[in-house]
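One structure is given here, and the rest of the page talks about it.
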Amino acid sequence: HLRAFLLSQEMTDVMMRSADFIQELGDDLGARFRLACEFMAYDLEDAFSASTDALSRCGFFPYAELAYEFDAFQTLLLQGSFKSTRDSMRRMLDVCLTSVVYLLDLKDEDEARKWVASEVKTTMVTGNIRYLKKHPDVAALDERFKFTENLHTLYGSLSNYCHSRGVEFSTGIRKGSQMDFNGIIMRGFNANECRKVMEEFVAVVGQLAILLVIQNIGLLAPVDKDAKWGLSGPISGFF
């Protein structure tokens, strides 16, 4: 009961300070972070193709899982659980990359359905990137922007926090100023670490957006959905 009481008091303070910091951040990072959050909250649902083929492969699982991970990320960030935010961001990349490989017909449709049903293991990111490179649009992106190399590097940087890679990536060093009260560690707010997580999140959402465009190139063409379809528009596949 003492732990629950102390942590509830501490958590309220940390969350309010985190929210104020993010809301009041007026530089370029603040603007890009808020734009990335808006993309995840409002555009993600519309990005996945709603074609019969796409739905038969993965259904709505990728979108739903990404939405849950985004929700978890926001909570963890406000709580000051900075290391744990990397788990959510890494899973966002993993889910999106895996689903895009299946949706691009780069792997067997039956295996896609088994992946959604948890009947097969998820291919490791290096393997999925190897499949992704077979797509001609990805080859062009790699030639001009080193897309898959940057994607793999970002995933690896997040993995450093998810595995036991020494002090610099440890839970302790990623917390804010802290105080030990009868064995209960009270965390503070760490502005520098919060900024770092925000920068990483912007990078992750940028990669997600590119992956979604690769699997549904029509997203690059702006469409007035109301004028074109009225109240009977497609459930997704267009911005």
Side-chain angles (χ1 to χ4, degrees), residues 28-29 31-33 35-63 65-67 69-70 86 89-113 115-116 122-160 199-225 228 234-239:
D28 180 60
L29 174 58
R32 287 185 293 124
F33 179 78
L35 184 63
C37 288
E38 289 174 4
F39 174 84
M40 293 297 292
Y42 302 114
D43 296 319
L44 184 65
E45 181 178 8
D46 288 331
F48 280 99
S49 172
S51 68
T52 302
D53 180 64
L55 291 175
S56 71
R57 287 174 178 272
C58 296
F60 289 100
F61 167 71
Y63 156 68
E65 191 67 4
L66 283 167
E69 288 297 348
F70 173 53
R86 275 78 177 209
M89 286 190 283
R90 188 176 74 148
R91 283 193 292 270
M92 288 181 201
L93 287 176
D94 212 357
V95 169
C96 192
L97 173 60
T98 302
S99 61
V100 165
V101 167
Y102 285 127
L103 291 171
L104 288 172
D105 200 19
L106 298 173
K107 295 181 74 175
D108 184 68
E109 180 177 344
D110 184 57
E111 185 180 341
R113 288 194 290 265
W115 171 66
V116 173
T122 300
T123 305
M124 293 182 65
V125 66
T126 50
N128 274 328
I129 287 177
R130 199 156 46 240
Y131 280 106
L132 194 65
K133 284 184 174 182
K134 297 177 181 179
H135 195 278
D137 290 341
V138 175
L141 285 170
D142 278 347
E143 185 177 348
R144 294 186 62 188
F145 306 110
K146 298 182 178 179
F147 167 61
T148 57
E149 181 181 330
N150 293 334
L151 174 62
H152 194 268
T153 298
L154 177 59
Y155 186 87
S157 68
L158 297 173
S159 296
N160 287 331
E199 290 169 354
E200 291 168 346
F201 179 73
V202 169
V204 166
V205 174
Q207 297 289 354
L208 295 182
I210 295 171
L211 285 168
L212 290 169
V213 167
I214 291 170
Q215 65 90 31
N216 186 14
I217 199 69
L219 294 175
L220 293 178
V223 175
D224 187 337
K225 294 171 66 175
K228 187 172 180 64
I235 54 176
S236 68
F238 294 92
F239 285 147

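Everything numeric here is computed off the predicted structure, so don't read it as measured data.
- Legend: residues meeting side-chain hydrogen bond (donor to acceptor under 3.5 Å, both in side chains) with E111, ordered by chain and number and at least two apart, are Y102, K107.
- In this structure, F147 CZ and L141 CG are separated by 6.5 Å, a value rounded to the nearest 0.5 Å.
- Counting only residues at least two apart or on different chains, the side chain to side chain donor-acceptor pair (under 3.5 Å) pairs with a member in residues 90-100 are E69-R91, R90-S159, R90-H163, T98-N128.
- Put simply, the side chain of L93 reaches to within 4.5 Å of the side chain of L154, judged on heavy atoms.
- The side-chain contact (heavy atoms from CB on, under 4.5 Å) check on F61 picks up E65, W115, V116, with sequence neighbours excluded.
- Residues passing the salt bridge (charged side-chain N to carboxylate O under 4.0 Å, His left out) test with D105 are R57, sequence neighbours excluded.
- Nearest heavy atoms, A47 versus L212: CB-CD1, 3.8 Å.
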Residues 199-206, side-chain donor-acceptor partners within the protein, below 3.5 Å, at least two apart:
{"unit_1": "E200", "atom_1": "OE1", "unit_2": "R86", "atom_2": "NE", "d": "2.7"}
{"unit_1": "E200", "atom_1": "OE1", "unit_2": "R86", "atom_2": "NH2", "d": "3.3"}
{"unit_1": "E200", "atom_1": "OE2", "unit_2": "R86", "atom_2": "NH2", "d": "3.4"}

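- Residues K134 and L104 are not in side-chain contact: their nearest non-hydrogen atoms beyond the backbone lie 4.5 Å or more apart.
- When the salt bridge (charged side-chain N to carboxylate O under 4.0 Å, His left out) test is applied to E38, no partner is found at least two apart in sequence or on another chain.
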Item checked: side chain to side chain contact (heavy atoms under 4.5 Å, CB included) assessment of Q207 paired with L97 -> CA-CA 9 Å; Q207 297 289 354; L97 173 60; over 6 Å; no
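- Between the NE2 atom of H135 and the CD atom of Q215 there is a distance of 10.0 Å, given to the nearest 0.5 Å.
- Going from atom CG of L151 over to atom CD1 of I129 covers 4.5 Å, rounded to the nearest 0.5 Å.
- To the nearest 0.5 angstrom, T126 atom OG1 is 5.5 Å from H152 atom NE2.
- Taking 4.5 Å as the limit, some side-chain heavy atom of L103 sits within range of a side-chain heavy atom of F48.
- Atom CG of L44 and atom CZ of F70 lie 9.5 Å apart (nearest 0.5 Å).
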Next item on the list: Would you check, one step at a time, whether the test side chain to side chain contact (heavy atoms under 4.5 Å, CB included) holds for L211 with L132?
Entry: CA-CA 10 Å; L211 285 168; L132 194 65; 3.8 Å; yes
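- Note: T148 OG1 to I210 CD1 = 11.0 Å, rounded to the nearest 0.5 Å.
- M92 approaches L66 most closely through the heavy-atom pair O-CD2, 3.4 Å.
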